Every structure is written in C-alpha cells, then in structure tokens.
Number of protein chains: 2
Amino acid sequence: MASASGRRPPADKYDERRRAIAESATRTLGELGYARASLREIANNSDFSHGVVHYYFKDKHDLIVYCVRELKTVCVRRYDGVVADSRTPDELVTGFADELADTLKEEASMHRLWYDVRSQSMFEERLRDVATEIDGWLEQMIWRIVSRYAELAGAEPALPPSVLYGILDGLFQQALIAVTRGHDGALDELRELVHQLLPTMIRPSLTT
Amino acid sequence: MASASGRRPPADKYDERRRAIAESATRTLGELGYARASLREIANNSDFSHGVVHYYFKDKHDLIVYCVRELKTVCVRRYDGVVADSRTPDELVTGFADELADTLKEEASMHRLWYDVRSQSMFEERLRDVATEIDGWLEQMIWRIVSRYAELAGAEPALPPSVLYGILDGLFQQALIAVTRGHDGALDELRELVHQLLPTMIRPSLTT
DNA sequence: GTCGGAACTTGACACCTGTCAAGGCGCACG
DNA sequence: CGTGCGCCTTGACAGGTGTCAAGTTCCGAC
C-alpha cells in the first residue's frame, strides 16, 4: 500500500497511537470503573501525559466510547472458532462453556467495565447509541452460537435471539458478580449450567 | 405505644426525618444515577439544605445505602399479594407478569438506580455488602413466586433459586434497557415472555 | 543547515465535589 | 422570663475534575 520508507501515512500512525492510549486507558477503566477513572488517573497509570490523551481524543466521552467499542469488538469474536470448528453439539457446548468460564476469569475487569458503561447509558444519553450497538453485537453472537448448536443437533432455536441473549447475559452477569465477591466456584457452576441449559434452548426442527 | 401528646420520642422523629430526606434523595438518584447525583444536587431538588443532609447522614455513602435499602425493601414485597391470593397457576402467572410490567413502567428510574448501584458495587467495596444482601432478597422473592407457582400446578421448580433469579433478572434488565431506549413494546413483550417461560421452569413433582 | 509543522509537556483555569464548622433560630423546660 | 439544646442555614475549605492554551522538543523536507 504505502511506500516502504520509514515514514508512514499520518493516518496510520494516528490510529496506532489512539489504540495504544486506549489500550492503556482500558486497563485503568477496568479497575476503577467509568465514574472514578479520571483522565489524570488514566494518564498516570500509563506512559502518556494527561495532555496527550486530550490530543488524541476530543474529550473523556470520546475516549471511553473508543475503549469500549474496541474492547467489545474483540470480545464478540471470541467464540467464532468454537462455532466454526465444532462437529457435534456436545463439542460446541463444551467449547462455549469453557470459553465463557475462561473470559469470566481472565477478563473479569473488562466485563465489569462493560456492565458499568451499559448501566450508565441508562442515565447518559450520549452513551446510549454505543451501548445499543454493542448489545446488538452480543445478541448476534449468542444467536450464532445457539443456532449453530441447533443445526448440529438437527434442531432449531426454541426462543428468539433477544430472549436467548437476555437469559445468558443475566446468568453471566450473576457469575461475574459472584466472582467479584470472591466466590470462586462460580466458574465451574457456570460451565455446568451452560451444559444443562443449552439443550433446553432448542427444539426438534419442523422442516426435514 | 408512645404517649398521645404532641411530642414524640426523638428517635421516631429522627427516623422520620431520615426517611423524608432519603425519599427525596431517591428521586434525584433515580434521575441522575449514582455517580452524577451530588449531595448539593440532591439537596437542591428537595426542600432541604445540603447541610441538613449531612446532619442526618454520616456521608454520601450512608445516604445512598439507606436509599437503596429502603427502595428495595418495598420492591421485594410487591408480589406478596399475588403469591398469597392466587388460586390457580394461570392466575399467579398473570398477576406476576402484570406486576412486573407495571413496576417496569412506573418505577423505571428506581430499577435503573438499583442496577447502577449493583454495577458500582463491583468497583467499590463499600457497596458490596448491601448489594449482596439485596440480591439475596430478590432471589428469595423470585423463589417464593416460582415455588408457589409450582405448588399450584402440582409440580416443583426445575431449577435452583440462583438460576431462576439470574434468568428473570437478565430478562427484566433487558426490558428496562429497552424501555429506557424508548421501545414501548417491551412492556407487552415482557408480559408475554413470562407467560411463555414460567411453565418451562417447573417439572412434575416426584413426590405424591 | 534551517525551516516548519506535527507531537508532546506543562501549567493553568474555572468548576464542582464531599465534608465540616461557626453561627442563628425556635421551642420546651425550669 | 430566661436559657439551654436540638435543628438547621450559611459559608468556607481542600482537593479533584475536564478542558485548553502556551510553550517546548523532535524530525523529516527542502
């Protein structure tokens, strides 16, 4: 694309820098939450000055929206491999449950941040659009998983996407809260629960 | 109890005043959320000065914990009548679904506040205890409803209390978000969903 | 080499926050 | 009629916030 010389097109470097700042900011946001993470605190916990943050992001809202969107873009693709590679229903359920428990353990603070932002979006109109958008991504993600699961089982989903998402999101959130409160067994309980619940979310296909 | 004279025991008046301040504060908290509702804003939206708030509550945390606890104490008893009076499974489901849709419409800001505080409790340790306590109340509330429903149907709950709560809480939260975003159909959808889902939450009783 | 603009630092502004202390009001009691 | 005490108002303090502008450094282009 661009020349192989040392200088890159400014747009690339600009985006790269934004990403680096946002990545660092996301860590602080995940630890302190949306409200208590000030721009200075975010800058102090990184290699950037508080001025450079404002140089690359219009304001705090701009930064947070960028962080959450980036964060969830990755999160939503986490199960693509399982969906694509599973050859049996059980394999898919196990893969899904394991990934779920794994992200719950390894990326707990990122999930806390998401639920925090989504809660705030009910009070701040400026957050509403991005929250709606990401909720849509997550609903589609769940739908891909369940409908593929049904397909492998020669069945079809028994509930609409929004309901499946609401149920699994609620259970995941409860597990996240339990983990945050120090209840370590929540990981295994969530895994087992997924095994128990997914079969009840499909029904024999009418066609074929 | 106390004498019928004009003067009441000071403890009563103190509690009454706390309740009055908290009731007004809860309105502001429900509109602005936990983070953006400052003590001054709370006082301005009420008949009290910002000093008197601090006279009756040790600090902001004390006030908010009092508000949320009071709020949820009422919320948790909302379905007691339905549980006690229903004579058939259908009557209970209809009563439950109607109450659910009603509180979603009439007390939306109170529910927003609760989810906000619960999210914050994942970042602020001081909120964790009260959030855990209230989650317990809600789980028991759901359990009373579903187990009574099963009883009326000559069946028993098919899932443990924590799972039932997680599912219904997730769906309620989705409906709350939808309402907040202006999707008015969410009320009827929630009602219908409860009718569809509750029968799947019980199974024929093994005993008898 | 030097010019110019992009990238960044620093410091400041105006505002808002929780908290508290000094003072005034009114009312029941002696 | 004082007078003491609970109740409340007002004003202030110290600290933190988002935002921005002036200045500095750096590096490629001519």
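Just so it is clear, the model here is predicted, and its values are computed rather than measured. Below, chains carry the letters A, B, ... as their sequence lines are ordered, and counting in each starts from 1.
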> Under 4.0 angstrom, heavy atoms only, what part of the nucleic acid is A:Phe57 near: base, sugar-phosphate, or nothing?
Replying inline: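 Answer is nothing: A:Phe57 stays at 4.0 Å or more from every strand.
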>> Give the residues of residues 59-66 of chain A touching DNA chain C, defined as any heavy atom closer than 4.0 Å, sorted by residue number.
In response: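 Here the set is empty: none.
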> For residues 41-48 of chain A, which residues have at least one heavy atom under 4.0 Å from DNA chain C?
Replying inline: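 Within residues 41-48 of chain A, no residue comes under 4.0 Å of DNA chain C.
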> Got more than 12 heavy atoms from elsewhere within 6.0 Å of CD, A:Glu133?
Replying inline: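 Yes.
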> What about A:Arg40: does its side chain form a donor-acceptor pair under 3.5 Å with the base of D:dG16?
Replying inline: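 Answer is no: no donor-acceptor pair is held.
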> Between B:His61 (side chain) and B:Arg126 (backbone), is there a donor-acceptor pair under 3.5 Å?
Replying inline: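 Judged by distance alone, yes, a pair lies under 3.5 Å.
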>> Would the distance check show the side chain of A:Arg191 and the main-chain N or O of A:Ala97 forming a donor-acceptor pair, the cut-off being under 3.5 Å?
In response: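 Checked: no pair found.
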>> Check this for me: does any side-chain nitrogen of one of B:Lys13 and B:Glu16 sit under 4.0 Å from a carboxylate oxygen of the other?
In response: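 Result for this pair is no, no salt bridge flagged.
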> Does a salt bridge link B:Arg118 with A:Asp116, judged by any charged N lying under 4.0 Å from a carboxylate O?
Replying inline: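 Here B:Arg118 does not pair with A:Asp116 in a salt bridge, since their nearest N and O are not under 4.0 Å apart.
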What's the [atom1]-[atom2] distance between [X] and [N], to the nearest Å?
{"X": "B:Leu39", "N": "D:dT9", "atom1": "CG", "atom2": "C1'", "value": "16 Å"}
{"X": "A:Arg18", "N": "C:dA7", "atom1": "CZ", "atom2": "C1'", "value": "15 Å"}
{"X": "A:Arg36", "N": "C:dG18", "atom1": "CZ", "atom2": "P", "value": "14 Å"}
{"X": "B:Tyr14", "N": "D:dC7", "atom1": "OH", "atom2": "P", "value": "9 Å"}
{"X": "B:His50", "N": "D:dT9", "atom1": "NE2", "atom2": "C1'", "value": "8 Å"}
{"X": "A:Glu16", "N": "C:dA7", "atom1": "CD", "atom2": "P", "value": "12 Å"}
{"X": "A:His54", "N": "C:dC13", "atom1": "NE2", "atom2": "P", "value": "18 Å"}

> In terms of the nearest nucleotide of DNA chain C, which residue is placed more toward the 5' end: A:Gly51 or B:Gly51?
Replying inline: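 The 5'-side residue here is A:Gly51.
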Look at the side-chain N and O atoms of [X] and state whether any lies under 4.0 Å from the OP1 or OP2 oxygen of [N].
{"X": "B:Tyr55", "N": "D:dC7", "answer": "yes"}
{"X": "B:Tyr56", "N": "D:dC8", "answer": "yes"}
{"X": "B:Ser38", "N": "C:dT17", "answer": "yes"}

> Between A:Phe172 and A:Tyr115, what is the ring plane arrangement, given parallel below 30°, perpendicular above 60°, and tilted in between?
Replying inline: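 Tilted.
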>> Any heavy-atom pair between the side chains of A:Tyr34 and A:Leu127 that's under 4.5 Å?
In response: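 They are in contact (side-chain heavy atoms under 4.5 Å apart), so the answer is yes.
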> Is there a side-chain contact between B:Arg112 and B:Ser109 (heavy atoms, below 4.5 Å)?
Replying inline: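 A side-chain contact under 4.5 Å exists here.
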> Checking ring pair (Phe, Tyr, Trp, His ring centres under 6.0 Å) against B:Tyr56, which of B:Tyr66, B:Phe48, B:Tyr14 comes through?
Replying inline: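 It is B:Tyr14; the other options fail the test.
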